[in-house]
A.B. asks: 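What follows is a single structure, and I will ask about it in a moment.
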Amino acid sequence: MTDPAPAPGRDRALAFIESNMTGTGVQALRLARGMGLNPLFVTNGMEKYETDPATAGAIRELAAGIRVCDTQDPDAVEKELRAHTLPVCGVVTVMEYYVPLATEAARRLGLPGLDPGAAQDARNKLRTRERCAAAGVPVPRFHFVLTEEEIDTALADTGLPCVVKPVDESASIGVELCRTRAEVRAAVAGIAGSAVNSKGQARVPGALLEQCLFGPEVSVETFTYDGRTHVLGVTDKLLGPTPHFVEFGHTFPSALGEQAGAAAAVAVSALAAIGFDFGPAHVEAKLTPDGPVLIEINARTGGDFIPDLVEHALGVALLEQSLRAHSGERPDLEPVRRRGAAIRFLAGRDGTVREVPDAGILEHFPAVVAHRVKAVAGQTTTWPANSHQRLGHVMAVADTAAQAAAAAEAALCHLAPRY
């Protein structure tokens with residue numbers, strides 16, 4: 001594909017491998033433009049983005065070039081990037097599924113980036129468990145299972161209820177709390193029955209069966225640079241009801257004091273265990289009665305607009321600093337303020353939407369800084385089984401995290417669709 005002429009004064013390209021549909025990808029492209037870079041968008045096809053015309057239009061508007069190749073194949077991506085007319089100064093992705101490929105492409109081109117082995121270990125939840133357990137990082141009791149015999153052996157160790165999940169998904173896709181052996185068998189079969197994950201990437205047959213942990217969930221937002229992991233803060237998470245683990249809200253910074261600090265220490269140890277050496281990470285943990293236990297490592301900035309929460313609260317533009325680091329510049333991670341920010345997500349129910357409230361009602365909530373409602377009249381919705389099925393969000397900023405959370409929750413009530 002022929003690229004358009006570079007914008008005047010822009011002599012470097014920053015390559016983006018695919019994008020998510022929640023806005024972070026478009027934000028990153030816009031930030032790259034603001035940094036004086038030519039964003040180069042690499043995809044296996046624009047068709048999938050057409051389901052959200054606003055996202056597809058923004059990608060076409062902001063990208064200095066769109067290159068189409070097999071984004072599951074590092075050889076194909078490397079070839080496209082080497083053929084680009086401008087020198088590529090960095091390779092990034094905001095999408096969980098493409099982090100290993102982006103790091104491999106960066107390594108081949110001699111560009112800044114995370115060690116590809118660490119990226120693979122973070123992407124595969126089983127490998128994360130194995131590496132962290134060997135290093136003494138607290139993890140749930142876990143087994144990779146497929147056969148009836150393996151399920152029985154695993155349950156003898158974890159007990160019921162337990163959690164069954166794919167090793168290679170995101171956004172809570174395929175994650176289920178199972179209370180009976182029959183539910184475990186069905187959940188394992190549902191995951192193992194597909195040879196590919198939700199992005200068409202090949203998967204090893206089987207599922208992760210692990211101990212159910214009880215307690216609040218948090219995420220630790222970090223940035224590793226020059227041999228040091230900076231903990232920017234801890235995010236309190238609001239989860240929906242089981243059997244799914246859909247996230248319906250985030251509040252930053254955490255209100256959990258010493259527990260949050262202990263979770264941050266576990267996160268730093270987990271990153272060290274997999275050899276994490278560069279860039280942002282979003283590390284999730286459960287705060288159990290016995291202390292924090294690792295859930296997963298995401299080798300990227302957090303989703304669900306968590307970088308926006310960090311920026312509103314601390315003044316650290318986390319997504320921008322990631323782009324700077326990946327393009328060879330030094331990131332600025334020093335907080336310049338101490339406020340609170342929160343986001344709450346809108347859930348639908350089983351039925352057909354009759355009417356969507358006018359978002360103008362949010363003018364009565366001065367703490368609200370961003371919102372989106374995706375529901376439309378006539379749409380058939382369900383109670384969310386994963387994050388992609390949520391219907392919108394409200395973000396609020398205040399002097400404290402508790403005030404921001406209260407404002408977001410109060411505002412969200414007025415956006416509920418009518419059925």
Side-chain angles (χ1 to χ4, degrees), residues 20-24 48 51-52 55 95-97 123 125-126 140 145 151 160-201 203 205-214 216-217 219 237-250 282 284 286 295-296 298 302-306 343-353 356 372-376 378-394 409 412 415-419:
N20 56 33
M21 304 286 280
T22 60
T24 310
K48 57 183 172 290
T51 59
D52 186 339
T55 296
M95 197 173 193
E96 171 73 16
Y97 297 85
R123 176 84 274 270
K125 295 178 177 64
L126 175 62
V145 300
I151 290 173
L160 289 169
C162 68
V163 176
V164 174
K165 63 178 66 171
V167 301
D168 58 356
E169 292 284 9
S170 184
S172 301
I173 294 173
V175 182
E176 287 194 45
L177 177 73
C178 299
R179 296 182 175 86
T180 68
R181 185 178 182 279
E183 289 178 352
V184 172
R185 290 177 59 192
V188 171
I191 295 168
S194 175
V196 296
N197 64 21
S198 60
K199 295 298 178 285
Q201 298 168 330
R203 74 162 36 132
L208 191 61
L209 188 159
E210 60 186 35
Q211 171 194 12
C212 181
L213 301 174
F214 299 97
E217 185 169 320
S219 63
K237 307 175 87 64
L238 175 64
L239 299 186
T242 60
H244 306 293
F245 293 84
V246 179
E247 296 173 355
F248 283 112
H250 309 286
H282 170 77
E284 298 180 356
K286 280 276 192 181
I295 298 295
E296 64 185 41
N298 299 282
D304 280 357
F305 298 98
I306 287 177
I343 189 168
R344 294 295 184 266
F345 293 93
L346 187 63
R349 62 175 176 82
D350 294 350
T352 301
V353 174
V356 177
R372 184 185 183 190
V373 178
K374 297 189 291 184
V376 295
Q379 178 181 356
T380 300
T381 67
T382 63
W383 178 261
N386 61 64
S387 297
H388 300 305
Q389 295 174 340
R390 299 172 308 197
L391 300 181
H393 67 267
V394 170
E409 288 164 10
L412 189 74
L415 294 184
R418 299 182 180 91
Y419 287 81

A.B. asks: Can you tell me how far apart CG (Asp168) and CD (Glu96) are? Round to the nearest 0.5 Å.
C.D. replies: 10.0 Å
A.B. asks: When you compare the side chain of Ile173 with that of His388, does any pair of heavy atoms fall below 4.5 Å?
C.D. replies: yes
A.B. asks: Does any non-hydrogen side-chain atom of Leu160 lie less than 4.5 Å from one of Glu183?
C.D. replies: no
A.B. asks: I'd like to know if Asp304 and Arg390 make a salt bridge, using a cut-off of under 4.0 Å between side-chain N and carboxylate O.
C.D. replies: yes
A.B. asks: Between the main-chain N or O of Ser170 and the side-chain N or O of Tyr97, is there a donor-acceptor pair closer than 3.5 Å?
C.D. replies: yes
A.B. asks: Does any non-hydrogen side-chain atom of Val246 lie less than 4.5 Å from one of Gln389?
C.D. replies: no
A.B. asks: Hey, are the side chains of Lys237 and Glu284 touching, using non-hydrogen atoms and a 4.5 Å cut-off?
C.D. replies: yes
A.B. asks: Please find the pair of heavy atoms, one from Cys212 and one from Pro161, that lie closest to each other, and give the distance.
C.D. replies: CB-O, 3.4 Å
A.B. asks: Is any side-chain heavy atom of Val353 closer than 4.5 Å to one of Val376?
C.D. replies: no
A.B. asks: Please assess Asn386 against His244 for the test side chain to side chain contact (heavy atoms under 4.5 Å, CB included), listing each intermediate value before the final yes or no.
C.D. replies: CA-CA 7 Å; Asn386 61 64; His244 306 293; over 6 Å; no
A.B. asks: Counting neighbours of CZ on Arg203 that are heavy atoms of other residues, nucleotides or ligands and sit closer than 6.0 Å, is the number greater than 12?
C.D. replies: yes
A.B. asks: Distance to the ring centre below 6.0 angstrom and angle to the axis at most 45 degrees; does that hold for Arg344 and Phe248?
C.D. replies: no
A.B. asks: State, with a plain yes or no, whether a side-chain heavy atom of Thr242 is found less than 4.5 Å away from one of Arg179.
C.D. replies: yes
A.B. asks: Do Ser172 and Glu247 get their side chains close enough for a donor-acceptor pair, meaning under 3.5 Å?
C.D. replies: no
A.B. asks: Taking C-beta and beyond as the side chain, do Pro417 and Leu346 meet within less than 4.5 Å on heavy atoms?
C.D. replies: yes
